[in-house]
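This report concerns only the one structure given below.
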Number of protein chains: 2
Amino acid sequence: MVDVKSMANPLFLREEELRQGIEMLFFAYRDFTGEPDAILAEIDLGRAHHRVIYFVGRNPRITVTDLLKILKITKQSLSRVLSQLVNEGYIDQTTDQGDRRKKLLTLTEKGVDLEHRLTENQRKRIARAYKAAGAEAVQGFREVLRGIIDPNDQERFEIVTPTMPVQRRGKG
Amino acid sequence: MVDVKSMANPLFLREEELRQGIEMLFFAYRDFTGEPDAILAEIDLGRAHHRVIYFVGRNPRITVTDLLKILKITKQSLSRVLSQLVNEGYIDQTTDQGDRRKKLLTLTEKGVDLEHRLTENQRKRIARAYKAAGAEAVQGFREVLRGIIDPNDQERFEIVTPTMPVQRRGKG
DNA sequence: CTTTTTACGTCAACCATGTTGACTTATTTC
DNA sequence: GAAATAAGTCAACATGGTTGACGTAAAAAG
């Protein structure tokens, strides 16, 4: 009887483990976002611009409203960075011909280039971590992280069944 | 031959999977930090105060310098929130008797109370995700997240061998 | 066809939290 | 005694969020 709490809870939901989860998220996010900032600073842009460029790149022809839903910021706040990105030729705005109230946002070639430069570090960081941990750990990583996200946005990350079926232990 | 890239790379390090990793981190962190902000707003504090309270709670008698290393912000920036927290009775400062230059920071009872209120949501969120994903997924989550963190801080999260030994596949 | 709603934009003021730079005070270490 | 360390302070500034009010064009609803 070394650890009463863990005996009582087979999923190890001890305070300590939960706190480590909190902290790992903090450290991971801190380090994850740290690197692109140097590149951004050189061209007088900030982290907010990065987020916009990223999600426009990921969702070509996205509307302003939909972008706001992803970022969960106000339109006034978005406006500041978005208009800058349009003015400086990173993003194109076109009117939706089906609904002419909507403006569709797309990265220009210049925008795509910047996006790649910015996320290169992040992709490498993730790739390194994935490789070190192994495919099975990646699957667990995805499942837990998905569970942390608000239900609304969880759909974005359907659990992908691996190409080569992996036997799962526990409730499979 | 449906997916050439995944054939060539057994660890599924495809662009798409990496990007999903990037996005999941963004969404998880966004939602994770979202909830405590409401509580903080009521008592005229911000996220920065939360971070300080959290890490002082986790590291009683921590020095200012060590706290700065965790947060990776400037002392001027920390000073603003820290002095506020001391003034309002959330944190106690005592002089280290071994090295009287150092000031040791500890949560007061009031500070502990607030810390609990603030992290309650986050702990529940993590616990929910852990429970839904299962112990094995949690292990993978930890391994990957740890790999994302800068080497300097990885030591904080030694891989814990589970109470009940779990057989690992791959390089074990 | 008029009204209402939606999508988008804009001006203005404000706040939180980060930065750099310069300088001070104790205290400890060399 | 000099140098390094721990902490604090003042000032100016940048970024990126907020609320509130208001305007315009287009679509949807009545």
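We name chains A, B, ... by the order of the sequence lines, and we start the count at 1 in each one.
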Of the candidate nucleotides D/dG8, D/dG16, C/dT10, which contains the atom at the shortest distance from the side chain of A/Ser77? D/dG16
Indicate, with a heavy-atom threshold strictly under 4.0 Å, whether B/Gln84 touches base, sugar-phosphate, or nothing. nothing
Does the pair A/Arg30/B/Asp153 count as a salt bridge with the N-to-O cut at 4.0 Å? yes
Check whether any side-chain N or O of B/Lys103 sits under 4.0 Å from OP1 or OP2 of D/dG8, and answer yes or no. yes
Is any side-chain N or O of B/Arg100 under 3.5 Å from a base N or O of C/dT27, one able to act as donor and the other as acceptor? no
Identify every side-chain donor-acceptor pair in residues 76-86 of chain A under 3.5 Å, counting partners at least two apart or on other chains, and give the distances.
unit_1	atom_1	unit_2	atom_2	d
A/Ser83	OG	A/Ser79	O	2.8
A/Ser83	OG	A/Arg80	O	3.3
A/Gln84	OE1	A/His49	NE2	3.1

Only residue of A/Glu115, A/Gln122, A/Arg117 satisfying side-chain hydrogen bond (donor to acceptor under 3.5 Å, both in side chains) with A/Thr119 is A/Glu115
Identify each atom pair where a protein N or O and an N or O of nucleotides 10-12 of chain D are less than 3.5 Å apart, giving names and distance.
none

Let's see if you get this right: which residues in residues 48-58 of chain B place a heavy atom under 4.0 Å from DNA chain C? B/Ala48, B/His49, B/Arg51
Go through residues 59-67 of chain A and report each residue with a non-hydrogen atom lying under 4.0 Å from DNA chain C, sorted by number. A/Thr63, A/Val64, A/Thr65
Taking A/Leu104 as the starting point, is it possible to reach A/Ile62 by hopping between hydrophobic residues whose side chains are less than 4.5 Å apart? no
Report the nucleotide, chosen from D/dT9, D/dT18, D/dA6, that has the shortest atom-to-atom distance to any side-chain atom of B/Lys102. D/dA6
Give the angle between the helix axes at the two ends of the helix from C/dC1-D/dG30 to C/dC30-D/dG1, taking five base pairs at each end and rounding to 10°. 30°
Pull out every residue in residues 34-47 of chain A that has a heavy atom closer than 4.0 Å to any atom of DNA chain C, ordered by number, or say none. none
